[in-house]
Asker: 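Below you will find the structure I want to go over with you.
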Amino acid sequence: MPGGRITDEDIQKVRDASDIVAVFSERVPVKQRGRDFWCCCPFHNEKSPSCKIDPALQLWHCFGCGEGGDVFAFIMKAEDLSFPEAVHRLAERAHIDIVEVGGKPAAPASKKARLKDICKATAEFYHLQLMRLKSPEASAAREYLSGRDLGGKVPRDWNLGFAPGRGVLTRHLSSKGFKADEMVEANVCSRDSQGKLRDRFYNRIMFPINDVAGDCIAFGGRVVGKGEPKYLNSQETPLFHKSQVLYGLDKAKVAMASSGVAIVCEGYTDVIALHEGGVRNAVATLGTALTMRHIRILGRHAQKKIVYLFDGDAAGQKAADRALEFIDSSMTPEAGKTRIELCAVTLPDNLDPAEYMASHSAAELEELIEHAQPLLKYGIDRRLAAHDLSSAEGRSAALASALSVLAPIKDSLLAKDYAIQIAGRTRAREEDVLEALSKLAPPVRYGEASAEEAAAQAPVPAQGPARRALSKTELNRLRLERELLSVLAQNPLIALAHADSLAQTKWHDPLHSAIASSILDTLMSDPAANAAAIVSNAAAVDGRAGRVLTAGGSSTETASPEEVARFLAEELAIGDAEDAIEELRCQLANESLKGTEEYDFLFQATTALQKELLEKRLAHKPVAHEGRL
């Protein structure tokens, strides 16, 4: 993704061109009720619609899971995108070209659409070759798939194909009007040393690689028979970045959202075998180790945990050892809400996922997944099991090997806890093991994908003490704050009239304070800003803002927005006055102030506030607002 800034004008242009009802309708069935539209939320499993789409405000909110926002927030959540990426995605959809300020120009939307067209045409061509081509190589491809229980409807459901090579694809795409340079940029063709155009894939079973929306953006090919490399993926293109793509995510994301669990395995056939066997929350990396970007993508769909599923053979165990290199501070309790629960499972009897599913049920695999071990424990147990703990030499080697797993998180409480467990299992003194832990050098990791990923992997400061439970009064205060912010964000003209309330209210939640400041900033810079722009700007300050600002209106309102906003603002002002009076009373209780000028001043201030509070209460009139007020 380009590194420049998208102008406010381009953002607004894309927002205006992206009707939120139409965008939702492309992904889930939508039905109209009155002036609003409703659907089953695509982000959690539900049987009755609880997600409301407001076409007038161009906002949405799910009253089941709490997600909400504008059209950009929906695309960010649905397709695992950052805000700039979501803008570009919708720009492509609307065929709007965006010029970024201060960075490398983005590939025009029309160009990316053209490359996707090439990938789509290529996938269709390969699929036709697999299903109909009469040649020894194509027959061998079909026999291989059938032997792996990937015949029948599987090639159709997964759009599998066969690449005959010999320039057949090049000629086919040329006949459809695609240019040579476009085919090369999409990486379905390449040029030889003489500059002649040729097919990139030859005599391979083809696995189309889709983005999270289900559009083909690249390919993986398995050689038929003998040959190297056994698997060959597309190279990086303007559409395809392997460190950001997971095979099968477009099909797995719904099951991940409903189960809260993501399963990561090694290859295409593993993913297909799991899905066909009824385990539909599985994905695979594309020839790379799992990256922090992958983890963040999966974390948006799987809220509970991410499970590595390793083959039981030697290759699978080697992959398990590589996975240990991914351990970092994001797995510790100190990471707080950003903590990632990474777990691991090794399949029994040296089986790979396809073999396991051929002889076991989905319920049996889900049982293994349910009892997956934390990756740290899994790694430590593997290291200890590799040595003879009955001998002093074996215990010493086991201690050093297991302790090294903790090097990336050596300063965390979790590492110290595991170190003590290692000491017990190797019959070592705890203080000696803790000292050895403190002296470990953190591993040097090369090839980090970007500064963004490096920042994401940086240690997270330790959280403060656990927050106390809030009283009913405090919870009600926070509810009123959310209600007011929601009403004002969805009614910009009313928000302008309540600018003083936004600025003067003593917000009890820092998030609410940040949202109020964002609404004010938006309206001061553009008094004509619409609701979608207000929500979008607030979400850019804090990603949780969309939930707050779209949460109002779950029940029928018989009062006008003006009346509701007035009522809420008055309620909060009364609360602020009560808080101020209580604070003054606490100060007046100080015996050392009695008889001083300061005491007289505080007493007069308290009296004035009490009179002001009485006037506020007398003027305060309830409104008919069902369910919430």
Side-chain angles (χ1 to χ4, degrees), residues 464-492 494-524 534 538 541-542 544-545 547-549 551-552 559-625 628-629:
R467 290 180 61 180
R468 63 178 175 82
L470 298 177
S471 67
K472 288 184 178 180
T473 300
E474 291 169 320
L475 288 171
N476 186 59
R477 168 71 189 207
L478 296 180
R479 179 181 63 82
L480 292 172
E481 290 183 5
R482 289 193 298 271
E483 284 283 331
L484 178 60
L485 291 170
S486 180
V487 171
L488 296 184
Q490 296 181 41
N491 298 274
I494 299 174
L496 278 171
H498 282 269
D500 287 345
S501 295
L502 286 168
Q504 295 173 11
T505 297
K506 309 298 183 186
W507 305 99
H508 285 207
D509 188 322
L511 171 62
H512 298 169
S513 179
I515 291 174
S517 296
S518 174
I519 294 175
L520 276 174
D521 290 344
T522 298
L523 293 174
M524 293 306 102
I534 289 173
V541 174
D542 192 303
R544 298 169 293 171
R547 289 185 169 203
V548 174
L549 298 183
S560 68
E562 291 92 341
E563 291 176 307
V564 174
R566 185 266 308 161
F567 175 86
L568 292 166
E570 289 177 357
E571 281 277 301
L572 293 177
I574 288 171
D576 287 344
E578 290 173 339
D579 289 344
I581 291 170
E582 183 60 29
E583 185 176 341
L584 288 171
R585 283 174 174 167
C586 289
Q587 294 182 52
L588 288 170
N590 187 345
E591 292 293 333
S592 63
L593 291 180
K594 295 289 178 66
T596 66
E597 290 184 4
E598 184 178 356
Y599 181 90
D600 292 340
F601 173 80
L602 291 174
F603 184 83
Q604 291 173 6
T606 304
T607 302
L609 268 178
Q610 288 173 328
K611 181 180 178 182
E612 182 181 328
L613 176 60
L614 179 60
E615 292 173 352
K616 287 180 183 292
R617 284 175 171 161
L618 289 173
H620 188 43
K621 297 177 181 178
V623 296
H625 180 75
R628 285 184 174 267
L629 301 181

Asker: If you round to the nearest 0.5 Å, how far is CZ of Arg547 from CG of Leu511?
Answerer: 11.0 Å
Asker: Please give me the minimum heavy-atom distance between His508 and Glu481, naming the atom from each residue.
Answerer: N-OE2, 2.7 Å
Asker: Nearest 0.5 angstrom please: Ile574 CD1 to Asp579 CG, how far?
Answerer: 12.0 Å
Asker: Using the rule given for side-chain contact (heavy atoms from CB on, under 4.5 Å), can you reason through Arg482 versus Leu568, listing the C-alpha separation, both sets of side-chain angles and the distance that settles it, and then say yes or no?
Answerer: CA-CA 10 Å; Arg482 289 193 298 271; Leu568 292 166; over 6 Å; no
Asker: Could you measure the distance from the NE2 atom of His498 to the CD atom of Glu562? Nearest 0.5 Å is fine.
Answerer: 8.5 Å
Asker: How far does CD1 of Ile519 sit from CG of Leu496, to the nearest 0.5 angstrom?
Answerer: 11.0 Å
Asker: Return the minimal non-hydrogen interatomic distance between His512 and Leu478, and the atom names on each side.
Answerer: CE1-O, 3.6 Å
Asker: Of all heavy-atom pairs between Ala495 and Leu523, which one has the smallest distance, and what is that distance?
Answerer: CB-CD1, 3.5 Å
Asker: Report yes if the side chains of Leu502 and Trp507 come closer than 4.5 Å at any heavy-atom pair, otherwise no.
Answerer: yes
Asker: Check Pro561 against Val487 and note the closest heavy-atom contact, atom names and distance.
Answerer: O-CG1, 3.8 Å
Asker: Could you work out, with side-chain contact (heavy atoms from CB on, under 4.5 Å) as the rule, every residue matching Ala545, not counting sequence neighbours?
Answerer: Ile515, Ala538
Asker: Below 4.0 angstrom, N of the basic side chain to O of the carboxylate: do Glu570 and Arg566 qualify?
Answerer: yes
Asker: Taking Ser517 for the side chain and Ser513 for the main chain, is one N or O donor matched with an acceptor at less than 3.5 Å?
Answerer: yes
Asker: Which heavy atom in Gln490 sits nearest to a heavy atom in Leu549, and how many Å separate them?
Answerer: NE2-O, 3.0 Å
Asker: With rounding to the nearest 0.5 angstrom, report the OG to CG distance, Ser518 to Leu485.
Answerer: 10.5 Å
Asker: Can you list the residues that meet the side-chain contact (heavy atoms from CB on, under 4.5 Å) rule with Asn476, with sequence neighbours excluded?
Answerer: Arg479, Leu480
